S.K.: 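Attaching a single structure in structure tokens format; questions to follow.
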Amino acid sequence: MGYFVGLTAALVGNVVIGTGQCMQKSALNTLQRSGKQTPRYKSPLWVLGLALNYAGEIFGNSLALSYLSAAVVAPLGIVSVIVNLLLAERFLGERVTPNQRFGFSVIMAGVGCILLVAPRKAAASTAAEFIEVVASSGILTLFFTLFFVQAILVLLIRSGRQSLLLYVVVASIFGSMNVMASKLLTMFMRLKLTATAMAVLPNPADIVFYGAKAAAAAAASSSSSGLSLAQVVAGLVMGLSIAGQESFRQQALGRYPVMEFQPVFFATFNVIATLSGLVLFRELDGWLHGAVFFSAFAVGIGLIAYGSRFLPRARAVGLPSHIRLHKDNLHLDEYKMQ
């Protein structure tokens with residue numbers, strides 16, 4: 001039951017995100033046609049679209065992560081892209097080309113391939129399971145390792161060694177860290193709302209920093225002051241992850257075409273987020289399931305990345321300066337005489 005609840009939340013969330021993106025696109029088109037230098041945040045339609053984006057992430061994808069593996073939730077993000085294009089065709093007058101329809105079919109085949117073999121059990125369904133999973137996850141070690149790797153990659157970018165792959169890897173790692181933190185937080189909130197977990201479930205940040213046994217004491221000491229040091233640090237990590245992903249994603253989009261960046265980013269983000277989730281939460285049922293899953297996952301990601309290349313529209317090709325066409329060079333009089 002939890003699997004289908006999470007799957008529904010992810011699908012609905014991405015439909016809402018795609019709708020919000022289309023609304024933002026419509027608002028930007030209106031601002032561009034007006035010819036005025038009006039900031040986008042002053043457009044009510046753009047703000048509403050932004051709100052829908054965050055609503056879809058929080059109440060859709062984040063909720064889904066409390067029930068499902070990141071191996072299921074992350075690939076479903078492509079649904080928002082498809083919804084955005086379809087709504088743009090219907091309401092903004094944009095035409096979906098045959099190539100894009102072919103891309104849709106390939107992408108859905110890839111998503112279906114992953115969903116068939118993805119882990120279906122929740123990482124934790126009780127308070128005791130949650131405490132055990134968090135305490136033994138090694139998420140603190142993983143985050144420190146990822147931050148160390150990020151520091152090296154960012155230094156490489158700042159030193160001038162800029163490449164599409166560097167931007168993609170940095171944005172993908174930040175995004176994966178946010179997915180892991182969101183998964184812990186939403187599992188905690190879902191279990192906290194149950195009657196059995198109401199008084200016995202410590203905050204996941206306290207479990208990670210202090211250990212399972214000391215977490216209860218840390219929670220008790222933080223009840224008067226509001227937040228423990230571990231919870232503040234965890235909040236900062238989530239904030240930095242969100243800001244870091246968006247910052248380097250926008251930098252990449254400012255340097256590289258969307259049709260080059262998006263397929264590579266989508267595939268890389270899915271691989272890192274999925275591997276991180278499987279390692280931390282041990283969601284695979286043995287080596288056989290692991291072998292089947294990774295084989296199907298590789299095929300599915302390949303299909304998604306391949307299909308995504310058909311979604312962007314072809315860009316206009318400018319002629320070189322020495323091949324400029326002028327009406328005087330077309331000899332139109334000769335054709336009129338014929």
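Since we're looking at a predicted model, the values are computed, not measured. Note that these values count all heavy atoms, side chains included, but never hydrogens, waters or copies made by symmetry.
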S.K.: Do Leu65 and Tyr54 belong together in a cluster built from hydrophobic side chains that touch within less than 4.5 Å?
M.R.: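 Each belongs to a different hydrophobic cluster.
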
S.K.: Please report the interatomic distance CE(Met177) to CG(Leu142), rounded to the nearest 0.5 Å.
M.R.: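 So the CE of Met177 and the CG of Leu142 are separated by 8.0 Å.
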
S.K.: Starting from the C-alpha separation in whole Å, work towards a yes-or-no answer on side-chain contact (heavy atoms from CB on, under 4.5 Å) for Ser276 and Val179.
M.R.: CA-CA 9 Å; Ser276 299; Val179 167; over 6 Å; no

S.K.: side-chain hydrogen bond (donor to acceptor under 3.5 Å, both in side chains): which pairs involve residues 147-159, sequence neighbours left out?
M.R.: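 Residue pairs with at least one partner in residues 147-159: there are none.
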
S.K.: Check whether any side-chain heavy atom of Val73 sits under 4.5 Å from a side-chain heavy atom of Lys183, and report yes or no.
M.R.: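 No; the side chains remain at least 4.5 Å from each other.
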
S.K.: Test your reading of the model: is there a side-chain donor-acceptor pair from Ser34 to the backbone of Leu31, 3.5 Å cut-off?
M.R.: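 Yes.
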
S.K.: Could you tell me the separation between the CG atom of Asn61 and the OG atom of Ser182, rounded to the nearest 0.5 Å?
M.R.: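 Between atom CG of Asn61 and atom OG of Ser182 there are 9.5 Å.
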
S.K.: Between Leu76 and Leu7, does the side-chain contact (heavy atoms from CB on, under 4.5 Å) criterion hold? Intermediate values first, please.
M.R.: CA-CA 9 Å; Leu76 288 175; Leu7 187 63; 3.6 Å; yes

S.K.: Can you tell me if Glu246 has over 12 outside heavy atoms packed within less than 6.0 Å of its CD?
M.R.: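 Counting other residues, nucleotides and ligands, CD of Glu246 exceeds 12 neighbours.
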
S.K.: Between Phe248 and Tyr167, what is the ring plane arrangement, given parallel below 30°, perpendicular above 60°, and tilted in between?
M.R.: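 The arrangement is tilted - the two ring planes meet at 30° to 60°.
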
S.K.: Using side chain to side chain donor-acceptor pair (under 3.5 Å), reason through Gln245 and Ser241 one step at a time and then give a plain yes or no.
M.R.: CA-CA 6 Å; Gln245 180 189 17; Ser241 299; over 6 Å; no

S.K.: I'd like to know if the side chain of Ser247 reaches the main chain of Ala243, judged simply by a donor and an acceptor atom lying under 3.5 Å from each other, with no hydrogens or angles considered.
M.R.: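 No; judged by distance alone, with no hydrogens or angles, the pair does not exist.
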
S.K.: Same cluster for Ile242 and Met180 if Ile/Leu/Val/Met/Phe/Trp/Tyr side chains link at under 4.5 Å?
M.R.: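 Unlinked, Ile242 and Met180 end up in two clusters.
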
S.K.: Report yes or no: do Leu240 and Leu155 belong to one cluster of Ile/Leu/Val/Met/Phe/Trp/Tyr joined by side chain heavy-atom distances under 4.5 Å?
M.R.: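 No, separate clusters.
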
S.K.: Mark yes or no for whether Thr8, through its side chain, and Phe4, through its backbone, hold a donor-acceptor pair below 3.5 Å.
M.R.: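 It does hold such a pair.
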
S.K.: Check step by step if side-chain contact (heavy atoms from CB on, under 4.5 Å) holds for Thr38 and Ser43.
M.R.: CA-CA 8 Å; Thr38 305; Ser43 168; over 6 Å; no

S.K.: Measure the spacing between CG of Leu166 and CD of Gln251 and express it to the nearest 0.5 Å.
M.R.: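 Going from CG on Leu166 over to CD on Gln251, the span is 12.0 Å.
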
S.K.: Are any side-chain N or O atoms of Ser80 and backbone N or O atoms of Asn14, one a donor and one an acceptor, separated by less than 3.5 Å?
M.R.: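 No.
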
S.K.: Please give the remaining members of the hydrophobic cluster of Ile58, linking ILVMFWY side chains under 4.5 Å, ordered by chain and number.
M.R.: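 Its cluster mates, by chain and number, are Phe59.
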
S.K.: Does a side-chain heavy-atom distance below 4.5 Å link Ile17 with Gln21?
M.R.: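 They are in contact (side-chain heavy atoms under 4.5 Å apart), so the answer is yes.
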
S.K.: Do the non-hydrogen side-chain atoms of Tyr41 and Leu50 ever get within less than 4.5 Å of each other?
M.R.: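 No, side chains not in contact.
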
S.K.: Using every non-hydrogen atom in the two residues, find where Phe265 and Ala171 come nearest and quote the distance to one decimal.
M.R.: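 So the two residues come closest at CE1-CB, 3.7 Å.
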
S.K.: Does a sphere of radius 6.0 Å around CD1 in Ile152 hold more than 12 heavy atoms from other residues, nucleotides or ligands, not counting ones at 6.0 Å or beyond?
M.R.: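 Yes, CD1 of Ile152 has more than 12 neighbouring heavy atoms, counting only those of other groups under 6.0 Å.
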
S.K.: Is the side chain of Thr186 donor-acceptor paired with the backbone N or O of Leu63 at a distance under 3.5 Å, no angle test?
M.R.: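 Not confirmed, Thr186 side chain does not pair with Leu63 backbone.
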
S.K.: How many angstroms lie between CG in Leu153 and CG in Leu156, if you round to the nearest 0.5 Å?
M.R.: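 Taking CG in Leu153 and CG in Leu156, the distance rounds to 6.0 Å.
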
S.K.: Looking at every non-hydrogen atom in both residues, tell me the closest pair between Pro119 and Val72 and how far apart they are.
M.R.: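 Distance-wise, the nearest heavy atoms are O-CG2, 4.1 Å.
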
S.K.: If two hydrophobic side chains count as joined below 4.5 Å and joins carry through other members, does Ile272 share a cluster with Val237?
M.R.: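 Per the 4.5 Å side-chain linkage, Ile272 and Val237 are co-clustered.
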
S.K.: For Leu278 versus Ser69, what's the shortest heavy-atom pair and its separation?
M.R.: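 Between these two residues, the closest heavy atoms are CD2-OG, 4.2 Å.
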
S.K.: The criterion is salt bridge (charged side-chain N to carboxylate O under 4.0 Å, His left out); which residues satisfy it with Arg40, sequence neighbours excluded?
M.R.: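 Per chain and number, Arg40 pairs via salt bridge (charged side-chain N to carboxylate O under 4.0 Å, His left out) with no residue.
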
S.K.: Applying side-chain contact (heavy atoms from CB on, under 4.5 Å) between Phe143 and each of Thr141, Leu140, Ile139, report the one that passes.
M.R.: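 Result for side-chain contact (heavy atoms from CB on, under 4.5 Å) with Phe143: Ile139.
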
S.K.: What heavy-atom pair brings Ala70 and Ala273 nearest, and what distance separates the two atoms?
M.R.: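 Nearest heavy atoms, Ala70 then Ala273: CB-O, 3.9 Å.
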
S.K.: Check Leu284 against Phe294 and note the closest heavy-atom contact, atom names and distance.
M.R.: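 Of all heavy-atom pairs spanning Leu284 and Phe294, the closest is CD1-CE1, 3.8 Å.
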
S.K.: Using the rule given for side-chain contact (heavy atoms from CB on, under 4.5 Å), can you reason through Gln24 versus Trp46, listing the C-alpha separation, both sets of side-chain angles and the distance that settles it, and then say yes or no?
M.R.: CA-CA 4 Å; Gln24 288 182 296; Trp46 188 88; 3.3 Å; yes

S.K.: Heavy atoms, side chains only, cut-off 4.5 Å: are Leu184 and Phe281 in contact?
M.R.: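 Sidechains of Phe281 and Leu184: in contact.
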
S.K.: Taking the hydrophobic residues Ile, Leu, Val, Met, Phe, Trp and Tyr, and joining any pair whose side-chain heavy atoms are under 4.5 Å apart, which ones share a cluster with Val12?
M.R.: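 Members other than Val12 - counting any ILVMFWY side chain reachable under 4.5 Å - are Val16, Met23, Leu45, Leu48, Leu52.
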
S.K.: Sequence neighbours left out, what passes ring pair (Phe, Tyr, Trp, His ring centres under 6.0 Å) with Phe297? Give chain and number order.
M.R.: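 Checked Phe297 against ring pair (Phe, Tyr, Trp, His ring centres under 6.0 Å); matches are Phe293.
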
S.K.: Hey, any chance Leu165 and Val271 share a hydrophobic cluster, counting ILVMFWY side chains that come within less than 4.5 Å of each other, even indirectly?
M.R.: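 Yes; Val271 is reachable from Leu165 via cluster members.
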
S.K.: How long is the straight-line distance from SG of Cys22 back to CZ of Phe91, given to the nearest 0.5 Å?
M.R.: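 Phe91 CZ to Cys22 SG: 8.0 Å, rounded to 0.5 Å.
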
S.K.: Of all heavy-atom pairs between Ala88 and Lys25, which one has the smallest distance, and what is that distance?
M.R.: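 Smallest heavy-atom distance, with atoms named: CB-NZ, 4.0 Å.
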
S.K.: Within this structure, what is the CG-CG distance for the pair Leu280 and Leu275, rounded to the nearest 0.5 Å?
M.R.: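 If we round to the nearest 0.5 Å, Leu280:CG and Leu275:CG are 10.5 Å apart.
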
S.K.: Which atom pairs, donor and acceptor, lie under 3.5 Å between side-chain atoms of residues 300-307 and protein residues at least two apart or in another chain?
M.R.:
none

S.K.: Look at the side chain of Ser105 and the backbone N and O of Arg101, then say whether any donor-acceptor pair between them is shorter than 3.5 Å.
M.R.: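 Here the side-chain-to-backbone pair exists.
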
